[in-house]
Chemist: 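The structure under discussion is supplied below as structure tokens; questions concerning it will follow.
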Amino acid sequence: MEEIKELEEVLELLNTKQYTKLRQYLAELNDADIAGLLEELEEEEMLKVFRILPKDLAADVFSYLDMDNQQKIITSLSDKEATNIINNLMADDAADLLEEMPANIVKKLLTNASPDVRRDINHLLRYPEDSAGSIMTVEYVDLKENLTVNQAIERIRKVGLDSETINICYVLDAQRRLVGTVALRYLLLMDGDEIIGDIMHENVISINTLMDQEEVARQFKKYDFTAMPVVDNENRLVGIITVDDIVDIIEEETTEDMEKMAAIVPSDKPYMKTGVFETFKKRIPWLLLLMVSATFTGAIISSFEDALSVCAVLVAYIPMLMDTGGNAGSQASVTVIRGLSLNEIEYRDVPKVVFKEIRVALICGITLSAANFVKLLLLDKVGVLVAASVCLTLVAAVVIAMIIGCLLPILAKRLGFDPAVMASPFITTIVDAMSLLVYFRVASAILGLS
């Protein structure tokens with residue numbers, strides 16, 4: 001409700017051309033809230049309001065906008081205005097923006113950017129995508145280990161305003177190797193003549209520049225830090241990663257896994273900003289593959305056509321068996337995929353995982369079969385042998401499904417694939433075929449079908 005009132009106020013001031021009052025009104029709002037208001041406006045109105053913002057505030061608000069709106073604003077600004085935005089962005093935010101911009105615009109922006117900004121951005125852009133180096137920021141406070149506390153505080157005053165965070169300062173030796181950390185609050189409490197090297201915390205947890213961003217997120221979760229230093233192979237400090245970047249990574253990785261589990265090629269665009277044909281291209285590859293693989297199910301049914309003609313009632317229970325097996329396999333796979341992503345499960349744990357899933361599957365399968373047996377006899381009025389065929393197959397289907405569901409993601413990770421690819425659709429197709437084979441073999445044996 002509050003957001004609606006703010007939006008109405010902005011539109012009222014904009015439409016009545018009270019630009020000075022509008023600037024004062026926006027200056028009182030939070031940066032993220034201003035960005036939210038801009039994204040609710042039409043493109044023309046958004047550009048007008050953005051130009052009204054003070055220069056320093058404009059750069060802060062810009063970092064909160066989504067990529068599409070950032071590109072619209074940058075391309076609408078003059079070279080001088082655009083350069084001001086780039087120069088005032090944190091280096092990691094500027095690098096993210098430039099990665100998505102057309103080459104001619106990137107060249108123009110980098111040409112006009114200050115030498116320091118250009119150096120920092122180029123430094124970030126050379127790291128592999130989704131690595132710690134590509135998401136870190138180079139705006140941090142570093143201190144030499146031979147400084148006194150007073151000298152360190154003076155340095156923080158000089159560089160702190162342009163740093164991502166000053167809560168933790170990173171202590172370097174003469175070769176820029178990371179040797180320790182010191183908290184700002186600790187500096188404020190110490191005697192001014194103390195030497196940083198004597199009071200620093202030496203047990204530093206750091207991240208290598210080439211570490212995958214998903215592993216970086218796990219490190220943040222493990223140590224519960226708000227910022228972590230990033231070092232190269234020689235332990236030289238090259239940047240830091242802050243927890244706000246990790247929140248974005250977790251959202252990105254979770255979305256990607258969900259899309260893969262649903263057999264969709266991952267997309268980095270919001271749903272409402274993805275075109276119909278683009279959405280089609282993301283979905284159709286897996287749909288085609290799964291459709292072709294599902295023909296095996298049809299082939300199995302066709303091969304037992306004579307048996308089905310003798311006991312047609314068996315056909316009625318095929319959907320139930322396939323669905324139950326698919327659901328059981330999906331449950332197992334999702335549980336294991338989560339364990340793999342959290343490093344709770346390793347390849348060496350395969351025997352333990354399979355043994356556990358077999359026990360769970362037997363309990364689930366027997367419970368489902370018992371309930372189903374009663375239903376088949378009392379409600380469906382089928383014979384005992386038919387009910388026994390269905391229920392025995394149900395137990396076998398659940399066991400097979402859970403074994404496949406837990407094994408495939410582990411094997412996929414072992415072979416270097418994303419375990420999420422082996423989730424619901426892929427497992428369901430395999431389990432459906434296996435369930436049908438077991439069903440017809442069991443029915444043939446019990447009912448004497450040929």
Side-chain angles (χ1 to χ4, degrees), residues 129-131 211-222 249-268 282-283 285-294 296-297 321-365 368 394-438:
E129 186 179 2
D130 296 338
S131 67
M211 182 182 288
D212 184 81
Q213 63 178 19
E214 197 167 359
E215 179 59 30
V216 173
R218 281 195 284 265
Q219 293 296 309
F220 267 81
K221 180 177 182 295
K222 178 180 179 180
I249 290 168
I250 292 172
E251 180 182 354
E252 177 185 326
E253 294 289 345
T254 303
T255 301
E256 181 179 318
D257 287 346
M258 288 174 62
E259 289 175 331
K260 286 181 177 178
M261 291 170 70
I264 300 173
V265 178
S267 172
D268 56 0
K282 298 291 184 184
R283 297 183 185 181
W286 271 101
L287 288 176
L288 286 171
L289 176 62
L290 294 173
M291 182 187 71
V292 172
S293 63
F296 292 111
T297 305
L321 291 171
M322 293 171 65
D323 286 348
T324 303
N327 291 337
S330 296
Q331 288 181 337
S333 68
V334 169
T335 304
V336 170
I337 289 169
R338 180 182 181 277
L340 289 170
S341 67
L342 297 177
N343 283 342
E344 296 173 350
I345 298 174
E346 304 283 345
Y347 182 72
R348 65 174 180 269
D349 297 321
V350 167
K352 294 179 182 178
V353 173
V354 171
F355 183 52
K356 177 179 179 178
E357 290 297 330
I358 288 175
R359 286 179 291 167
V360 173
L362 285 172
I363 296 172
C364 290
L368 291 170
L394 188 57
V395 175
V398 172
V399 172
I400 292 170
M402 289 194 178
I403 292 175
I404 292 174
C406 72
L407 274 179
L408 282 184
I410 299 176
L411 294 176
K413 185 172 184 179
R414 179 68 173 181
L415 295 173
F417 298 108
D418 191 330
V421 174
M422 295 296 178
S424 303
F426 205 61
I427 290 173
T428 299
T429 302
I430 298 174
V431 170
D432 286 350
M434 297 291 291
S435 300
L436 284 176
L437 282 173
V438 172

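This structure is a prediction, so every number in the text was calculated from the model and none was measured.
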Chemist: So which atom in Val395 and which in Gly365 form the shortest heavy-atom distance, rounded to 0.1 Å?
Modeler: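 Smallest interatomic distance, heavy atoms only, reads CG2-O, 3.6 Å.
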Chemist: Return the minimal non-hydrogen interatomic distance between Leu321 and Ser435, and the atom names on each side.
Modeler: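 Scanning both residues completely, I find the closest heavy atoms to be O-OG, 4.4 Å.
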Chemist: Can you check whether Pro409 reaches Leu340 side chain to side chain, under 4.5 Å on heavy atoms?
Modeler: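 Yes, at least one pair of side-chain atoms sits under 4.5 Å.
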Chemist: Applying side chain to side chain contact (heavy atoms under 4.5 Å, CB included) to Ile403 and Glu357, what does each step give before you reach the verdict?
Modeler: CA-CA 6 Å; Ile403 292 175; Glu357 290 297 330; 5.5 Å; no
Chemist: Counting C-beta onward and ignoring hydrogens, is there a side-chain heavy-atom pair between Met434 and Ile404 closer than 4.5 Å?
Modeler: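 Heavy-atom side-chain distance check passes, below 4.5 Å.
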Chemist: Glu129: what forms a side chain to side chain contact (heavy atoms under 4.5 Å, CB included) with it, not counting sequence neighbours?
Modeler: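 Result, side chain to side chain contact (heavy atoms under 4.5 Å, CB included) vs Glu129: none returned.
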Chemist: Test of understanding: with side chain to side chain contact (heavy atoms under 4.5 Å, CB included), list the residues that count as partners of Leu411, not counting sequence neighbours.
Modeler: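 For Leu411 the side chain to side chain contact (heavy atoms under 4.5 Å, CB included) partners, ignoring immediate neighbours, are Tyr347.
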Chemist: Could you work out, with side chain to side chain contact (heavy atoms under 4.5 Å, CB included) as the rule, every residue matching Val438, not counting sequence neighbours?
Modeler: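 Listed in chain order: Thr393, Ala396, Ile400, Val442.
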Chemist: Apply salt bridge (charged side-chain N to carboxylate O under 4.0 Å, His left out) to Glu215 and list each qualifying residue two or more places apart in sequence or on a separate chain.
Modeler: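 For Glu215 the salt bridge (charged side-chain N to carboxylate O under 4.0 Å, His left out) partners, ignoring immediate neighbours, are Arg218.
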Chemist: Just how far is it from atom CD1 of Ile337 to atom NZ of Lys413, taken to the nearest 0.5 Å?
Modeler: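 The distance works out to 11.0 Å.
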Chemist: For residues 322-329, which side-chain N or O atoms pair as donor and acceptor with protein atoms under 3.5 Å away, sequence neighbours left out?
Modeler:
from	atom 1	to	atom 2	distance (Å)
Thr324	OG1	Met320	O	2.8
Asn327	ND2	Asp323	O	3.1

Chemist: Any chance you could lay out the side chain to side chain contact (heavy atoms under 4.5 Å, CB included) test for Met402 and Ser333, step after step, and finish with the verdict?
Modeler: CA-CA 8 Å; Met402 289 194 178; Ser333 68; over 6 Å; no
Chemist: Out of Val353, Asp349, Leu408, which one pairs with Val336 under the side-chain contact (heavy atoms from CB on, under 4.5 Å) rule?
Modeler: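 Among Val353, Asp349, Leu408, the one meeting side-chain contact (heavy atoms from CB on, under 4.5 Å) with Val336 is Val353.
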Chemist: For Lys356, what residues pass the side chain to side chain contact (heavy atoms under 4.5 Å, CB included) criterion, not counting sequence neighbours?
Modeler: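 Partners of Lys356 under the side chain to side chain contact (heavy atoms under 4.5 Å, CB included) test: Arg359, Val360.
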